[in-house]
Number of protein chains: 2
Amino acid sequence: MGDKISRGLLRFRERVFKALSDSTRLEIIEYLKDGERCVCEIIPYIGKAQSTTSKNLGILFRAGILDKREDGKKTFYRIKNPEIFLLLKAADSLNLKDLASASETVDALRKAIEG
Amino acid sequence: MGDKISRGLLRFRERVFKALSDSTRLEIIEYLKDGERCVCEIIPYIGKAQSTTSKNLGILFRAGILDKREDGKKTFYRIKNPEIFLLLKAADSLNLKDLASASETVDALRKAIEG
DNA sequence: ATTATATATCGAGATATTGGAATATGTCTA
DNA sequence: TAGACATATTCCAATATCTCGATATATAAT
């Protein structure tokens, strides 16, 4: 207790969260849930300019979230580490807990009023 | 398979990750690990301007990551939901080179999140 | 009431990020 | 080799973000 967290870990976390803090990139990650896809599939799915999608793929790749494989003129991206989905789930659970505690509050109020 | 993830969930994730994608804010979260602290303690710990720290606290509060309590002229902030630490752990685990200990972390996370 | 203290908010400058058009690079095919 | 295709990179404008100093607001103390 009391020791400051290392600058390095802090910066690592920052890089990961920054890579995830864009809905276009989050959508790419969701799209790759079922396996690798070539850029030519990702572009129309995402519906933004080719350069935009390519750039976002590069950001996810450099953040260590995606892996890529080149085959001829195509490039296939895939989730590098499925733990990323646990991370997303953990984020979602922050939302669920909010709702849960909100409904607990509502229940408590109801009891207080009716009971 | 194939259904697009909802825009709302995407935006929720984006907001959470955006709030976490700054090392000053990540450091604040670490500092609050052991319990609530008043702003007057957080400011010197972080070592940035008072307005900067106040603004970052506001961002974490509005993102639903921190809670606050006012007592006289002091304001105390605390972690709203300890699940945030699972989220941080999940991020860290992306970094782990040792697959064995990584999968331990994954197991622990899975239990914590799903169980 | 006046002053000191604690925190939040406003405004500005520096920097970063986003997305798209244009261009570059690399690879296949005829 | 020329041309078509797939992807990455460069350049730029718009927007967002970070930090700070100054100011505002609220509470406590004298």
Side-chain angles (χ1 to χ4, degrees), chain A residues 7 10-32 35-80, chain B residues 7 10-32 35-80:
Chain A
R7 206 36 61 185
L10 231 40
R11 263 182 282 121
F12 173 78
R13 287 178 180 173
E14 186 181 5
R15 244 179 300 137
V16 169
F17 291 131
K18 202 157 278 187
L20 294 174
S21 66
D22 176 272
S23 64
T24 298
R25 291 194 288 273
L26 289 170
E27 204 172 359
I28 290 174
I29 291 172
E30 283 297 317
Y31 186 54
L32 295 178
E36 71 172 18
R37 299 279 190 174
C38 96
V39 180
C40 62
E41 291 173 293
I42 301 171
I43 290 168
Y45 183 82
I46 296 302
K48 301 218 167 151
Q50 177 267 323
S51 61
T52 299
T53 302
S54 176
K55 241 180 290 185
N56 279 322
L57 285 167
I59 289 170
L60 290 170
F61 177 72
R62 271 174 258 114
I65 293 168
L66 299 186
D67 242 344
K68 72 175 159 183
R69 173 178 75 84
E70 288 172 36
D71 181 13
K73 46 184 172 177
K74 294 196 174 178
T75 302
F76 295 83
Y77 281 90
R78 64 178 176 284
I79 299 296
K80 182 174 187 179
Chain B
R7 203 40 61 182
L10 231 40
R11 263 184 279 120
F12 173 77
R13 288 177 179 174
E14 187 181 5
R15 242 181 301 136
V16 169
F17 291 130
K18 204 157 277 188
L20 294 174
S21 65
D22 176 272
S23 63
T24 297
R25 291 194 288 274
L26 289 170
E27 204 173 359
I28 290 175
I29 291 173
E30 283 298 316
Y31 186 54
L32 296 178
E36 73 173 17
R37 299 277 191 175
C38 94
V39 180
C40 61
E41 292 173 292
I42 300 171
I43 289 167
Y45 182 82
I46 296 301
K48 301 218 166 152
Q50 176 266 323
S51 60
T52 299
T53 302
S54 177
K55 222 180 277 191
N56 279 322
L57 285 167
I59 288 170
L60 288 170
F61 177 72
R62 272 174 257 113
I65 293 169
L66 300 185
D67 241 346
K68 73 176 160 183
R69 171 178 76 83
E70 290 171 35
D71 181 14
K73 46 183 171 176
K74 294 196 174 179
T75 303
F76 295 83
Y77 281 90
R78 63 178 177 283
I79 299 295
K80 182 172 185 180

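What you see is a predicted model, and the numbers here were worked out from it, not measured in a lab. First the proteins, then the strands, lettered A, B, ... as listed; each starts at 1.
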Q: Heavy atoms under 4.0 Å, any strand shown: does A:Phe61 hit a base, just sugar-phosphate, or nothing?
A: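 Nothing, no nucleic acid heavy atom in range.
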Q: Is the shortest heavy-atom distance from the side chain of B:Arg13 to the side chain of B:Val16 under 4.5 Å?
A: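 Not in contact.
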Q: So B:Phe76, base contact, sugar-phosphate only, or nothing? Heavy-atom distance under 4.0 Å.
A: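 No contact at all - B:Phe76 keeps every heavy atom at 4.0 Å or more from the nucleic acid.
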Q: Contact class for B:Glu70 (heavy atom, under 4.0 Å): base, sugar-phosphate, or nothing?
A: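 If one applies the 4.0 Å heavy-atom cut-off, B:Glu70 turns out to touch nothing in the nucleic acid.
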Q: Looking at A:Glu14 and B:Ser23, what are the two nearest heavy atoms and their distance?
A: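 Looks like OE1-CB, 3.3 Å.
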Q: Is the phosphate of C:dG19, meaning OP1 or OP2, less than 4.0 Å from a side-chain N or O of A:Thr52?
A: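 For A:Thr52, the contact criterion (side-chain N or O under 4.0 Å from OP1 or OP2 of C:dG19) is not met.
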Q: Select base, sugar-phosphate, or nothing to describe what A:Thr75 touches, counting heavy atoms under 4.0 Å on all strands.
A: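 Sugar-phosphate: the residue A:Thr75, judged by heavy atoms under 4.0 Å, touches backbone atoms but no base.
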Q: Is there, by distance only and without an angle test, a donor paired with an acceptor across the side chain of B:Gln50 and the base of C:dA8 below 3.5 Å?
A: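 By the distance-only test, yes, there is a pair.
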Q: Name the closest nucleotide to the B:Lys73 side chain, picking from C:dT18, D:dA8, D:dT27.
A: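 Shortest atom-to-atom distance from the side chain points to D:dT27.
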Q: Is the Lys NZ or Arg CZ of A:Arg37 less than 6.0 Å from the centre of A:Tyr45's six-membered ring, within 45° of the axis?
A: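 Geometry flag: not set, cation outside 6.0 Å or 45°.
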Q: Does B:Ser51 have a side-chain nitrogen or oxygen under 4.0 Å from the phosphate oxygens OP1 or OP2 of D:dA22?
A: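 Result: no.
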Q: I want to confirm an ordering. Mapping A:Lys18 and B:Arg62 to their closest nucleotides on DNA chain C, which one lands closer to the 5' end?
A: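 Between the two, 5'-proximity favours B:Arg62.
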Q: If I take atom NZ in residue A:Lys55 and atom P in nucleotide D:dC11, what distance separates them, rounded to the nearest angstrom?
A: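 Rounded to the whole Å, the gap is 12 Å.
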Q: Pick the nucleotide of DNA chain C nearest each of A:Ser21 and A:Gly72; which residue has the one closer to the 5' end?
A: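 Whichever sits nearer the 5' end wins; that is A:Ser21.
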